Number of protein chains: 2
Amino acid sequence: MNNMAKTENTELKIVEAATSVFVHKGFDGARMQEIADKAEINKAMVHYYFRTKQKLFERVFENVFEVVAERISSSLETSKSIDELLENITGTYFSVLAEKPYIPDFVIHELNRNPELIVHIIKTRGINKAKLSELIITEIQSRSLKPFDPLQIIVNVLALTIFPFAASSIIKGFIFEGDTEKYDKFVNERRQHIIDFVKSAIFKDQKT
Amino acid sequence: MNNMAKTENTELKIVEAATSVFVHKGFDGARMQEIADKAEINKAMVHYYFRTKQKLFERVFENVFEVVAERISSSLETSKSIDELLENITGTYFSVLAEKPYIPDFVIHELNRNPELIVHIIKTRGINKAKLSELIITEIQSRSLKPFDPLQIIVNVLALTIFPFAASSIIKGFIFEGDTEKYDKFVNERRQHIIDFVKSAIFKDQKT
DNA sequence: GTCTATAACCGGATAGAC
DNA sequence: GTCTATCCGGTTATAGAC
């Protein structure tokens, strides 16, 4: 009992440490020693619990991915209109990414370099894009919205929301010349801007 | 003379090989041996020409960055209206990125992990966002467009254009379930879609 | 489960002959 | 300029005592 609690506690500490290292340095840049140090534990212990760097990484990646996927899909389930959908998606992403802005670059980078990961993950959790485009198509017809391709719209919303976090260093550096204050203001205003911008694009009747 | 031609030729071969390796594996994942192999040259030669991996990387990164920056800024210079601007930016990006889709992830990832690079690059080539937002502001007033923040609009266009390339593996995997044909069709239609979408968002008069 | 020590290997970099 | 051989530090992973 005592042992088990200890075990799970140690394992958790390792995963947490590993997450913060992998997420900031990537798989190739991460060092098992740094993970051990951050977990305040011996390096051998990390191998005792997870055997290889690769296995530890997979555990971390799935965790990180799950955090986002979980919150996104639950917010999709409950959306009954495009307006609600927009509010929910942007809201969810902003609440997750404002806290963990490094997630997009991490996920994108590791997935690009390791496409097998995708196959593995898709099997466990497929995003229900069918349901999503159905909702959009229905709305396009019933509310006579602009006849854009639903998939393009979905990607647009993802792009508008995620890109600024993925490319934060570029936007901060090149567009705001390193001015953190202006950048923060920009991010704060952006959630509402995206909603307004997308609505303005797809609704025929103007709401300014 | 003969030596010099050979030198420049060898150097070029190294840079080309290094580019393809760095761009796909990132700095941490890249191996000098693989670069040497690809350049069909000895590993010691790579060090002879560039001394360190870091120096070779910087040369490659600046080259890659330059390709994009060059074409973007020249297309910005010549744009006299928002319509032209949209056509030029999306057109330029698509022509560059359709050919080199790995650039966004590479640039974003390396810049996020190595912010000092940004400072270095900004000094040499600043993006003239001032001129850009001026044009947008003028257009907003004279053609009575929706009063969106010009900087948000700029980021929107970049996001809509670049994100699908950066996250290509995700979009291909999750939204198109690995169907390359559908994905290619999606990308081909996307350039025009972005133009239509953005115009629809910022123009008050509808052009469907 | 936890630690120390070390194996085994890899990768960047250099020495030195040609 | 080009090659072979090699050094050397660092990194993953394991052996083995406690």
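Letters A, B, ... mirror the listed sequences (proteins, then strands); counts begin at 1. As the structure is a computational prediction, the values presented were derived from the model and not from experiment.
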Base, sugar-phosphate alone, or nothing: which one does B:Ala30 contact when heavy atoms must sit under 4.0 Å apart? sugar-phosphate
Using a cut-off of strictly less than 4.0 Å, decide whether A:Thr52 has a side-chain nitrogen or oxygen near OP1 or OP2 of D:dT12. no
Any side-chain N or O of B:Tyr48 less than 4.0 Å from the OP1 or OP2 oxygen of D:dT2? no
Distance, rounded to the nearest Å, where B:Asn42 contributes CG and C:dG12 contributes C1': 13 Å
Does A:Phe27 have A:Lys53 sitting over its ring (NZ/CZ under 6.0 Å from centre, angle to axis within 45°)? yes
Side-chain-base donor-acceptor pair under 3.5 Å for B:Lys53 and C:dG11: no
Of the options D:dA13, C:dA13, C:dC3, whose atoms approach the side-chain atoms of A:Met45 most closely? C:dC3
Does A:Arg31 make a side-chain N or O approach to OP1 or OP2 of D:dG10 shorter than 4.0 Å? no
Taken to the nearest whole Å, NE2/A:His47 to C1'/C:dC3 is 15 Å
Starting the side chain at C-beta, find the nucleotide from D:dT2, C:dA13, C:dC3 nearest to A:Ile41. C:dC3
From NZ of A:Lys25 over to P of D:dT12, roughly how many Å is that when rounded to an integer? 12 Å
Interatomic distance where NZ belongs to A:Lys43 and C1' belongs to C:dA5 [whole Å]: 11 Å
Under 4.0 Å between a side-chain N/O of B:Arg51 and OP1 or OP2 of C:dA13, yes or no? no
Inspect the surroundings of CD in A:Glu116 and state if more than 12 heavy atoms from other residues, nucleotides or ligands are less than 6.0 Å away. yes
Any idea how A:Phe65 and B:Phe174 line up, ring-wise: parallel (<30°), tilted (30 to 60°), or perpendicular (>60°)? parallel
Ranking C:dA15, C:dA13, C:dT4 by distance to the side chain of B:Ala44, first place goes to C:dA15
Take atom CD in A:Glu134; do more than 12 heavy atoms of anything else shown fall under 6.0 Å from it? no
Quickly work out the B:Tyr49 OH to C:dT14 C1' distance and round it to whole Å. 17 Å
Atom pair distance, as rounded to whole Å: CD in B:Gln33 and P in C:dC9: 18 Å
In whole angstroms, how far is the P atom of D:dA13 from the CG atom of A:Leu56? 10 Å
Whole-Å distance between C:dC10 C1' and B:Ile35 CD1? 16 Å
Tell me whether the rings of B:His109 and A:His109 are parallel (<30°), tilted (30 to 60°) or perpendicular (>60°). parallel
